[in-house]
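To start, the structure itself, in structure tokens.
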2 protein chains.
Amino acid sequence: MYMEVCLLFLLGLALSQSCELSLPGCTDGGALFITKAPQVCGVRVQLEMQALWRQFDQLGTEMIVTKSGRRMFPTFQVRISGMDPSAEYVLLMDFIPVDDKRYRYAFHNSSWLVAGRADVAAPSRMHFHPDSPAPGAQWMKQTVSFDTLKLTNNLLDDNGHMILNSMHRYQPRFHVVYVDPAPNSHLNAYKNFCSFSFPETRFMAVTAYQNHRITQLKIASNPFAKGFRTTDPQDADYGSLPASLPSGDAFGRLVQRCSGKETQACGLSSHGASAAKPER
Amino acid sequence: MYMEVCLLFLLGLALSQSCELSLPGCTDGGALFITKAPQVCGVRVQLEMQALWRQFDQLGTEMIVTKSGRRMFPTFQVRISGMDPSAEYVLLMDFIPVDDKRYRYAFHNSSWLVAGRADVAAPSRMHFHPDSPAPGAQWMKQTVSFDTLKLTNNLLDDNGHMILNSMHRYQPRFHVVYVDPAPNSHLNAYKNFCSFSFPETRFMAVTAYQNHRITQLKIASNPFAKGFRTTDPQDADYGSLPASLPSGDAFGRLVQRCSGKETQACGLSSHGASAAKPER
DNA sequence: CACTTGACACCTAGGTGCGAATTT
DNA sequence: AAATTCGCACCTAGGTGTCAAGTG
């Protein structure tokens with residue numbers, strides 16, 4: 001990892017956060033106040049394993065956090081197009097709180113209830129894809145996987161894992177940063193990146209699964225949990241088609257509409273689904 | 001991997017090979033005809049697990065080659081110092097034939113015999129360390145390991161493995177290449193790298209072990225072969241001190257003298273042990 | 001009571017030499 | 001006969017949820 005590179009776009013991401021707060025939405029192909037650099041303005045990102053992500057999302061995805069760090073399942077993986085093949089990019093992820101609430105699970109009716117305001121925010125970290133930096137051609141060649149990313153609830157973690165508060169809800173974000181070789185490129189940092197959020201990847205951080213249906217879906221779909229399977233080893237075709245369509249609620253329709261195709265970066269702070277921003 | 005970088009020093013390495021053939025030796029700190037770039041002239045490389053390598057070398061190291069590719073054991077690992085911390089380097093390995101001979105093993109007296117001239121040379125490949133390119137600081141931070149390198153006897157291999165002829169003897173080489181950002185840096189390619197050979201890492205490529213003592217030492221020292229151990233699980237302290245000193249032959253003394261300490265690059269084509277070149 | 005921790009059995013993924021079968 | 005190939009049992013290394021125990 002290149003330290004000098006990292007420092008370069010910390011500024012950029014900070015800008016991104018504040019812009020997200022101040023702007024209500026980002027219309028697809030709408031007028032732009034800030035022009036993005038050509039190296040990032042055409043970047044398109046497609047979430048892999050969408051069908052599986054949606055299955056989990058319908059039930060209310062939960063992700064285990066442990067002291068030593070736990071992988072995400074499903075793994076966050078994307079296919080990228082529209083990069084400048086010869087330009088250098090850094091790819092990274094972070095996690096932002098979906099709201100300012102703490103939750104608890106009501107077993108009697110299998111639903112999440114608000115249990116007060118959020119705890120003090122965990123130290124915010126970024127996870128750089130280990131292949132960073134690399135030329136666009138390399139990133140676009142095949143699926144980019146964040147399978148080495150781990151989630152922890154240890155506030156003092158020194159393994160570089162992503163620190164989250166259990167019983168809080170998070171939205172993964174994906175950032176594409178163009179490594180500008182120009183001198184004083186920091187002056188253009190805000191032009192040199194774009195960000196993507198896929199609403200169907202939101203999840204509740206937990207230390208133990210609460211919703212039994214989530215547990216069952218993890219066991220059915222994660223190869224490492226095969227030891228807990230009881231049913232046929234048949235139903236393992238995730239990743240192509242959703243086993244069931246999104247249900248009739250507004251959120252379901254939104255997800256279907258916005259992430260059914262690949263996603264284009266929009267001008268200021270790009271989202272996987274432009275109108276499907278986390279509720280704030 | 002950066003293709004443009006690769007192309008840059010192919011020339012350099014080619015030069016290296018021809019120089020090795022034409023020059024009888026490379027005296028430690030002697031007068032130099034060609035001045036190396038400051039980024040590489042002070043680079044020092046120390047072989048890890050020397051004691052283990054020497055134990056194998058005394059018996060006549062054998063490395064398995066398979067169609068699908070086999071790791072080396074011991075693994076080629078080095079500690080590096082003397083790099084420019086902020087300069088970019090590419091690290092790579094290749095394997096050169098020790099001689100022009102084909103061998104066979106005489107079981108009756110446990111020795112290798114010459115069995116004619118070498119077969120047609122296998123396609124010569126280079127193995128780039130997967131972290132390449134990276135700044136000197138990163139390479140020097142910890143041991144650099146080539147544990148993902150695999151050896152194959154499949155002339156048509158398309159997995160990027162190192163292709164070797166079975167029953168032929170090879171010398172691993174290690175190359176440090178400075179990535180010169182200057183325009184027309186290819187004109188200086190021969191200045192921008194240095195190479196290291198450790199005589200104790202020479203080996204015979206085989207499809208099945210010939211010397212039973214080699215088999216036993218592999219079983220005793222490779223964790224993955226633990227299933228074949230019969231003796232105490234005690235004698236597993238390789239890497240610190242040699243269990244037995246090199247025996248009384250000239251080669252043993254040579255190895256001891258030349259690779260007992262860390263090794264400095266010398267001017268033209270640097271070797272781990274300057275006078276311990278493979279016999280040609 | 002709600003939540004967290006840690007030992008555990010059970011997996012995946014892949015690196016070993018063995019030994020029978022096959023090829024040259 | 002010599003050399004190679006392949007399935008195999010046996011490992012390492014580490015990712016699963018479970019369950020009992022611990023914490024506040």
Side-chain angles (χ1 to χ4, degrees), chain A residues 62-75 102-108 112-113 115-116 119 147-155 159 164-168 204-230 233 236, chain B residues 62-75 102-108 112-113 115-116 119 147-155 159 164-168 204-230 233 236:
Chain A
E62 301 175 23
M63 294 284 179
I64 299 276
V65 292
T66 68
K67 197 170 160 184
S68 59
R70 192 78 148 192
R71 283 194 189 175
M72 295 175 68
F73 188 88
T75 303
R102 186 178 216 286
Y103 291 86
R104 69 180 187 84
Y105 192 69
F107 286 93
H108 61 86
W112 287 94
L113 307 176
D119 299 343
D147 52 358
T148 62
L149 186 154
K150 290 192 176 185
L151 309 178
T152 184
N153 58 343
N154 180 11
L155 298 173
N159 298 307
L164 303 180
N165 280 324
S166 182
M167 299 309 193
H168 291 61
M204 190 76 71
V206 295
T207 56
Y209 290 128
Q210 305 294 311
N211 183 346
H212 194 58
R213 298 180 64 190
I214 288 291
T215 312
Q216 291 312 307
L217 186 50
K218 296 253 184 179
I219 289 173
S221 52
N222 187 334
F224 288 108
K226 189 174 284 183
F228 300 100
R229 291 183 193 170
T230 54
Chain B
E62 301 175 21
M63 295 284 179
I64 299 276
V65 292
T66 68
K67 197 170 160 184
S68 59
R70 193 77 149 194
R71 285 195 189 176
M72 295 176 67
F73 188 88
T75 303
R102 186 178 213 287
Y103 291 86
R104 69 179 189 85
Y105 192 70
F107 287 93
H108 62 85
W112 287 95
L113 307 176
D119 299 343
D147 52 358
T148 61
L149 185 154
K150 289 192 174 183
L151 309 179
T152 184
N153 58 343
N154 180 10
L155 297 174
N159 299 306
L164 303 180
N165 280 324
S166 183
M167 299 306 189
H168 291 60
M204 191 77 71
V206 295
T207 56
Y209 291 128
Q210 305 294 311
N211 183 346
H212 194 59
R213 298 180 65 190
I214 288 291
T215 311
Q216 291 312 307
L217 186 50
K218 296 254 184 178
I219 289 173
S221 52
N222 187 335
F224 288 108
K226 189 174 284 182
F228 300 99
R229 290 182 194 171
T230 53

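Naming convention: chains lettered A, B, ... in sequence-line order (proteins, then strands); numbering from 1 in each chain. Just the heavy atoms: all of them, side chains too, but no hydrogens, waters or symmetry mates, feed the values below. Please read all numbers here as calculations on a predicted model, not as lab measurements.
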Nearest whole angstrom, please: distance from the [atom2] of [N] to the [atom1] of [X].
X	N	atom1	atom2	answer
Ile214(B)	dT16(C)	CD1	P	15 Å
Asn165(B)	dA3(D)	CG	P	14 Å
Glu62(B)	dC18(C)	CD	P	12 Å
Met63(B)	dT4(D)	CE	P	17 Å
Met167(B)	dT5(D)	CE	C1'	14 Å
Asp119(B)	dA2(D)	CG	C1'	14 Å
Arg104(A)	dG24(D)	CZ	C1'	17 Å
Leu151(B)	dT4(D)	CG	C1'	16 Å

Side-chain contact test, heavy atoms from C-beta onward, threshold under 4.5 Å: evaluate it for [X] versus [Y] and give yes or no.
X	Y	result
Leu164(B)	Asn153(B)	no
Trp112(B)	Gln210(B)	yes
Val65(A)	Val206(A)	no

For the atom pair [atom1] ([X]) and [atom2] ([Y]), what is the distance rounded to the nearest 0.5 Å?
X	Y	atom1	atom2	answer
Leu217(A)	Asn222(A)	CG	CG	10.0 Å
Met167(A)	Glu62(A)	CE	CD	8.0 Å
Thr152(B)	Asn159(B)	OG1	CG	8.0 Å

Side-chain N or O of Asn153(B) closer than 4.0 Å to phosphate OP1/OP2 of dT5(D):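 For Asn153(B), the contact criterion (side-chain N or O under 4.0 Å from OP1 or OP2 of dT5(D)) is met.
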Respond yes when some side-chain nitrogen or oxygen of Ser166(B) is under 4.0 Å from OP1 or OP2 of dT4(D), and no when none is.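 Yes, because at least one side-chain N or O of Ser166(B) sits under 4.0 Å from OP1 or OP2 of dT4(D).
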Counting primed atoms, P, OP1 and OP2 as sugar-phosphate and everything else as base, the B/S/- map of nucleotides 9-22 of chain D against protein heavy atoms under 4.0 Å is -SSB-BBBBS----
Do nucleotides 19-24 of chain C as a string where each nucleotide becomes B, S or -: B if the base has a protein heavy atom under 4.0 Å, S if just the sugar-phosphate does, - if no protein is that close. ------
Pair Tyr105(A) and Tyr103(A), ring centroids less than 6.0 Å apart: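 No, ring centres 6.0 Å or more apart.
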Met72(B): which of Asp147(B), Leu151(B), Ile64(B) passes side-chain contact (heavy atoms from CB on, under 4.5 Å):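 In the set Asp147(B), Leu151(B), Ile64(B), the residue that makes a side-chain contact (heavy atoms from CB on, under 4.5 Å) with Met72(B) is Leu151(B).
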List in chain and number order the residues that pass salt bridge (charged side-chain N to carboxylate O under 4.0 Å, His left out) with Asp119(A), two or more places apart in sequence or in another chain; answer none if no residue qualifies.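 With neighbours one apart ignored, the set is Arg102(A).
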